[in-house]
Amino acid sequence: MMATFQTVSEALDAQRNALVNEYVSRAWRMWRSLTPADFWNDAVTQGVSAYITQQQIAFVKQMRRLGISYANTMLGMVGVTGRTAQVPEYVVVRDNTDPWKVSARPADAYRSFAVKTPDIRPHGWDDLNDAVYETVQSWLDAAERQLSDNALTDGVAAQNRASEEYFKASGIKRFRRVIHPELSKTGTCGLCVVAATNVFSRSDLMPLHNRCKCTVAPIRDNIDPGLKLNSDDLQKIYDAASKAGGGGSGTAARNLTQLRVSVRNDSELGPILTRSDWKQNDEAPKWRMPDTIMTQQQMRRMYERATVFNAKYAELLNGSDNSLSFHYDGRSYTFRKGAHVKQAWDYVRSMLSYSRGWLGLAA
């Protein structure tokens with residue numbers, strides 16, 4: 001039976017990787033189509049992120065369906081059959097933000113790196129010498145990393161939450177974290193290794209961390225498939241750490257066993273694994289578990305943003321000035337005329353139509 005559990009876990013990993021890679025590839029092609037100057041134009045970056053937001057919502061739906069399918073299979077393997085749990089098709093992943101804001105973060109990452117070299121501000125790709133190109137490429141790398149981090153973190157969170165929702169609705173009361181060292185270039189992180197021995201109850205949410213690849217497995221009576229999977233992987237990890245330290249009591253192995261882990265609340269993602277010496281930001285907004293009500297609230301905010309931006313695009317493109325600056329929702333924006341602005345406006349209008357339809361509002 002354990003071979004079957006292993007097969008299910010490996011199939012989940014493969015499907016998850018495929019969905020994450022497909023979404024990142026599609027979104028990055030959109031970002032990569034911009035010029036260096038476009039990354040500094042809010043009219044372009046907000047339009048592009050509006051387009052990607054719809055892709056991100058579709059991606060989260062796919063990850064939730066994957067989590068439900070996995071949960072249904074695992075339930076059958078622990079002897080729970082004949083139950084059909086009702087789980088929402090889509091729920092936002094993060095609190096205290098919205099999918100559009102998260103989708104815009106690659107542009108923010110690009111700018112955060114670019115401000116370190118204010119003397120380099122190319123407009124296009126054709127006139128870059130090797131040194132300037134290398135610098136700009138580092139900004140693009142930062143943007144791509146941000147996109148990849150968001151996709152993997154949100155995708156795994158969406159998948160695991162849907163699995164947990166399905167397990168709980170089916171009467172499962174305990175869960176176990178399942179580590180996946182095969183999915184990381186450097187192996188399972190120490191935080192997850194330490195947490196892999198924990199069992200979570202129905203009132204808990206399995207804590208994650210940025211780029212976490214762990215999954216959740218049900219426990220029913222004495223059937224605990226995740227325990228065996230973890231035991232095999234943990235032994236390999238400790239053996240490897242022991243060899244790296246030069247013997248059975250190696251420093252690397254001791255570091256793993258002595259690592260102290262805490263669970264803290266991130267204002268967007270909720271319970272996260274951290275080192276015990278990590279300091280909580282007491283001024284951060286309180287986190288609430290995303291649900292259908294929060295989903296509607298965030299969709300409403302995106303609808304309102306699209307409405308305001310739609311008017312700003314019209315004002316910019318119908319006016320004589322080359323730029324338009326304004327303040328909205330706690331942030332300053334500058335829309336500038338350019339070759340890609342009309343297309344960006346179309347993306348925002350598409351987001352306006354999408355969110356209006358979601359909310360059931362009349363055109």
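Remember, predicted model here, so these are calculated numbers, not experimental data.
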query: With a 4.0 Å cut-off, would you call R26 and E22 a salt bridge?
result: yes
For residues 309-317, please give each side-chain donor-acceptor pair under 3.5 Å, one per line with the distance, not counting sequence neighbours.
| residue | atom | partner | partner atom | Å |
| --- | --- | --- | --- | --- |
| N310 | OD1 | W345 | NE1 | 2.6 |
| Y313 | OH | A43 | O | 2.4 |

message: So, using ring pair (Phe, Tyr, Trp, His ring centres under 6.0 Å) as the criterion, who are the partners of Y51 when residues are at least two apart?
response: Y347
For [X] versus [Y], what's the shortest heavy-atom pair and its separation?
X	Y	answer
S138	F113	O-CD2, 4.5 Å
S163	G67	OG-O, 2.8 Å
A104	Q46	CB-NE2, 4.1 Å
L147	V24	CD2-O, 3.7 Å

message: With side chain to side chain contact (heavy atoms under 4.5 Å, CB included) as the test, pick out the partner of V91 among R64, R161, M289.
response: R64
Around atom [atom1] of [X], are there more than 12 heavy atoms from other residues, nucleotides or ligands closer than 6.0 Å?
X	atom1	result
I293	CD1	no
N129	CG	yes
D126	CG	no

Taking side chain to side chain contact (heavy atoms under 4.5 Å, CB included) as the definition, give me every residue that meets it alongside [X], ordered by chain and number, with sequence neighbours left out.
X	result
A37	T35, H123
Y354	Q54, I57, K61, M299, M351, W358
L140	W28, R32, F39, Y110, W125, Q137
V92	Y90, P99, P290, M294, T295, Q298

Test log, rule side-chain hydrogen bond (donor to acceptor under 3.5 Å, both in side chains), inputs R29 and S33: CA-CA 6 Å; R29 281 197 301 270; S33 69; over 6 Å; no
- request: Among residues two or more places apart or on two chains, list those pairs meeting ring-ring contact (aromatic ring centres under 6.0 Å, His included) that have a residue in residues 144-163.
  value: none
query: Residues two or more places apart in sequence or in another chain: which of them pass salt bridge (charged side-chain N to carboxylate O under 4.0 Å, His left out) with R336?
result: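 Checked R336 against salt bridge (charged side-chain N to carboxylate O under 4.0 Å, His left out); zero matches.
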Suppose the criterion is salt bridge (Lys or Arg N to Asp or Glu O under 4.0 Å): which pairs have a residue in [range], not counting sequence neighbours?
range	answer
residues 289-300	none
residues 350-363	none
residues 323-332	K101-D329, D108-R331, R305-D329
residues 34-56	D42-R111

- request: With rounding to the nearest 0.5 Å, note down the distance linking CG in L66 to CG in N160.
  value: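 Answer rounded to 0.5 Å: 10.0 Å.
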